[in-house]
Amino acid sequence: MERSFRSGKETECPQRPGLRSRFIRPGRLHQQPRECARQPPGLPGRSLPLRAWEIRRPDERALSIPEKFQSQGACGNGESDRKYRRSHGLSPDPAAHRGFRYRGGARGRCGAQKIKPVNRPSSPVRVRFAPSPTGYLHVGGARTALFDWLFARKRNGTFILRIEDTDVERSSEDMTRGILEAMTWLGLHWDEGPYYQSKRLDFYRETAQRLVKEGYAYQDEGAIRFRVPEGKVTYKDAVFGEITVESDTIENFVLLRSDSNPTYHLSVVVDDIDMRISHVIRGADHISNTPKQILLYRALGASLPVFAHLPLILGPDKTRLSKRHGATSVMAYQEQGIVPEALRNFLALLGWAPGTDQELFNDEELNHAFSLQGISKANAVFNQDKLAWFNAQYLSRLEHEKLVRYLKPEFMKAGLWRDSLEKEESAWFKSLIDLLRPRAKVLQDFPRQSRLFLDPNIEYDPAAVEKFLKDPKIKENLQGLASRLESLPEFTLQSTEAAVRGFADELGIKAGALINASRVALTGQSVAPGIFDVMTLMGREKTVARLRI
RNA sequence: GUCCCGUUCGUCUAGCCCGGUCUAGGACACAGCCCUUUCAAGGCUGCAGCACGGGUUCGAAUCCCGUACGGGACGCCA
């Protein structure tokens with residue numbers, strides 16, 4: 001096919017008999033019957049089982065995980081997600097059920113015409129995030145988890161969390177806890193799991209033995225290796241298009257270590273089959289692992305899931321994001337005062353774009369806009385500045401109740417919290433927060449800038465005092481202003497402004513001079529929110545007192 | 001080294017599959033202006049990019065080939 005194109009010979013389109021043209025390129029042949037391009041290779045029956053073998057034990061029902069393999073804690077909260085969907089009236093995306101659509105393949109080449117249209121309802125969407133608890137959840141992992149989660153939501157599927165802790169040496173429970181905590185903080189709720197591979201060890205061992213018995217693997221000094229067959233492995237990545245690897249570049253890899261623990265390749269494939277994973281969405285660092293795993297799927301007689309690899313997140317120096325680049329842990333961002341909504345929005349746009357100019361997405365909008373087609377192939381650099389911008393955007397538009405929930409611990413840390421702030425003083429507190437919103441970059445900015453309202457003592461910035469309060473005459477004027485404000489019938493934004501401007505007029509000085517001096521007297525700083533906002537929020541009594549310094 | 005993949009403003013990206021509508025659009029950052037009592041926020045304007053070389057074509061950011069550069073994988077890590 002490709003040959004004939006290159007040589008410019010006439011070709012007949014197999015999909016449209018009679019249509020002959022040298023301009024038909026392989027990639028275009030299947031254009032008309034769209035279904036064939038959308039048909040994933042992984043549907044039941046599409047694979048080439050070398051030997052049929054059900055991995056499941058006879059007494060197990062589909063999808064069920066033996067109780068002893070399940071986690072103790074009831075960490076999954078599928079119920080809340082179901083509720084979420086119901087309450088948001090989310091119906092299955094109509095497109096979701098027409099089957100999966102591939103992006104254009106590797107330039108000009110496309111093997112999809114070999115796939116015949118199959119009229120079969122698509123299998124349920126089940127995706128998993130499978131971190132290894134050898135470290136905290138970093139932003140790269142979080143982005144992967146987010147895309148998995150988004151895809152599951154979008155297609156009304158199930159999001160599964162699986163802990164890949166087969167490396168006993170390097171895995172730790174603390175790390176697992178940290179990962180769960182980070183995902184919860186980010187709002188990435190899983191419907192199933194967490195499943196622990198360390199509790200399914202026998203399962204993998206059994207499978208490895210099976211493969212040996214059937215000739216797909218062999219013993220090698222206590223370990224079990226997979227026997228890589230000759231030929232080549234080709235698969236269609238939902239993001240990268242067709243990827244082909246010659247088998248002789250793949251060595252006979254280990255399935256079971258000599259300590260009888262499974263390696264990643266074995267456990268991941270066994271579990272993905274067992275858990276009926278329909279779409280494997282993971283980092284692009286797994287692209288070269290995929291052919292090995294496909295070989296395993298074949299040996300186990302299982303059909304393939306759709307593979308979708310995500311471009312990597314790089315540091316500013318364009319190398320893979322690591323500790324060298326500073327904060328990479330999700331929880332480090334929480335500590336920095338980043339709200340989860342902002343991180344999520346930012347992460348969603350790293351390696352994915354909606355195709356429109358929209359940048360700010362609420363949950364529902366993101367859900368609606370997300371699709372595998374918008375994922376780019378090129379690695380992305382993590383841009384702190386843009387994250388900061390997203391955070392500022394969210395700080396200025398988050399619902400008040402939610403913001404207060406994030407803020408309370410910060411006010412406590414700063415020693416500025418008092419319960420009346422969410423009781424008697426709640427209305428006042430809300431105006432304070434609203435005043436600070438457009439100025440806040442991180443959560444900590446709120447207590448920081450609230451101090452002058454909440455703490456009876458204020459600190460004066462010497463430079464500001466020097467600049468605006470040095471003149472004895474200005475102090476005198478502030479005294480006069482204090483008396484003026486004291487006798488105001490009401491103390492509002494309008495009345496204070498009128499009083500200040502009127503007084504400045506009478507004194508024959510610029511209002512600005514009076515305002516600048518007042519700012520320092522009231523706040524101790526030369527930088528603060530609008531002075532009339534400050535006065536009204538501070539209240540008449542305190543304002544008058546501070547003006548009479 | 002071998003294999004796989006990628007390459008549009010400094011950064012995130014739209015456009016690429018289906019070549020003309022692209023004097024390449026948006027956002028962050030940066031600069032200037034406006035608003036203004038300071039600082040923000042907001043509004044407006046500006047700066048800046050199709051890696052390179054061939055080819056195909058009347059026409060290429062878009063299709064093809066090559067080069068360079070970058071990334072990933074080559075573990076009894078995941």
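Not measured: the values here are computed from a predicted model. So that the names make sense, note that chain A is the first sequence line, chain B the second, and so on, each numbered from 1.
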How far does the [atom1] atom of [N] sit from the matching atom of [M], given to the nearest Å?
N      : M      : atom1 : value
B:rG26 : B:rU8  : C1'   : 13 Å
B:rC65 : B:rU23 : P     : 27 Å
B:rC16 : B:rC22 : C1'   : 12 Å
B:rA27 : B:rA73 : P     : 36 Å
B:rC39 : B:rC34 : P     : 13 Å
B:rC5  : B:rU67 : P     : 15 Å
B:rC9  : B:rG55 : P     : 25 Å
B:rC4  : B:rC18 : C1'   : 28 Å

Handout entry: Base B:rC76 to side chain A:T263, donor-acceptor N/O within 3.5 Å cut-off
Key = no
Exercise for the section: Please state whether the base of B:rA29 and the side chain of A:K386 form at least one donor-acceptor pair under 3.5 Å? Expected result: no
Exercise for the section: Apply side chain to side chain contact (heavy atoms under 4.5 Å, CB included) to A:L403 and A:L443, showing your working. Expected result: CA-CA 9 Å; A:L403 219 208; A:L443 286 172; 4.0 Å; yes
Starting at [atom1] of [X] and ending at [atom2] of [N], how long is that distance when rounded to a whole Å?
X      : N      : atom1 : atom2 : answer
A:L522 : B:rC39 : CG    : P     : 18 Å
A:K377 : B:rU62 : NZ    : P     : 14 Å
A:L350 : B:rU11 : CG    : C1'   : 10 Å
A:F253 : B:rC77 : CZ    : C1'   : 15 Å
A:D445 : B:rA40 : CG    : C1'   : 11 Å
A:K292 : B:rC3  : NZ    : P     : 16 Å
A:I243 : B:rC3  : CD1   : P     : 16 Å
A:D248 : B:rC74 : CG    : C1'   : 14 Å

Practice task
Classify the side-chain pair A:D167/A:Y264 by whether it contains a donor and acceptor separated by less than 3.5 Å.
Solution key: no
Practice task
Compute whether any side-chain donor of one residue and acceptor of the other, for A:Y136 and A:T328, lie under 3.5 angstrom apart.
Solution key: yes
Would you name the heavy atoms of [X] and [Y] that are closest together and state the gap between them?
X      : Y      : result
A:L478 : A:A521 : CD1-CB, 4.0 Å
A:S450 : A:L432 : OG-CD2, 3.6 Å
A:G140 : A:I313 : CA-CD1, 3.9 Å

Partner lookup for [N], please. Criteria are Watson-Crick or G-U wobble with both distances under 3.5 angstrom; report none if nothing qualifies.
N      : answer
B:rA73 : B:rU2
B:rG42 : B:rC34
B:rC58 : B:rG20
B:rU7  : B:rA68

Identify which nucleotide among [options] has an atom closest to any side-chain atom of [X], counting heavy atoms from C-beta outward.
X      : options                : value
A:K441 : B:rG71, B:rC39, B:rA41 : B:rA41
A:W389 : B:rC77, B:rU37, B:rA29 : B:rA29
A:S132 : B:rC28, B:rA78, B:rC74 : B:rA78
A:L312 : B:rA73, B:rG71, B:rA78 : B:rG71
A:Q393 : B:rG42, B:rC5, B:rC77  : B:rG42
A:H265 : B:rC77, B:rA78, B:rC5  : B:rA78
A:E359 : B:rC4, B:rG6, B:rA27   : B:rA27
A:V245 : B:rA78, B:rC3, B:rC12  : B:rC3
A:R519 : B:rG25, B:rG72, B:rU38 : B:rU38
A:N383 : B:rU11, B:rG75, B:rA73 : B:rU11

Would you mind classifying the nucleic acid contact of [X] as base, sugar-phosphate or nothing, using non-hydrogen atoms under 4.0 angstrom?
X      : result
A:S258 : base
A:A378 : sugar-phosphate
A:S267 : nothing
A:F346 : nothing
A:H286 : base
A:A223 : base
A:Q525 : nothing
A:N261 : nothing
A:P529 : base
A:R320 : sugar-phosphate
A:I531 : base
A:T166 : sugar-phosphate
A:G530 : base
A:T319 : sugar-phosphate

Exercise for the section: Show your working on side chain to side chain contact (heavy atoms under 4.5 Å, CB included) between A:L161 and A:M183 and close with a plain yes or no. Expected result: CA-CA 10 Å; A:L161 179 60; A:M183 287 186 62; 3.8 Å; yes
Exercise for the section: Please determine if a side-chain N or O atom of A:R225 lies less than 4.0 Å away from the OP1 or OP2 oxygen of B:rC76. Expected result: yes
Handout entry: Phosphate OP1/OP2 of B:rU11: any A:K318 side-chain N/O under 4.0 Å
Key = yes
Practice task
Assess the pair A:F226 and A:Y216: is the distance between their ring centroids shorter than 6.0 Å?
Solution key: no
Handout entry: Within 45° cone of A:Y394 ring axis and under 6.0 Å: A:R397 NZ or CZ
Key = no
Problem - A:R205 vs A:S260, side-chain hydrogen bond (donor to acceptor under 3.5 Å, both in side chains): CA-CA, chis, key distance, verdict - result: CA-CA 7 Å; A:R205 291 174 186 141; A:S260 85; 3.3 Å; yes
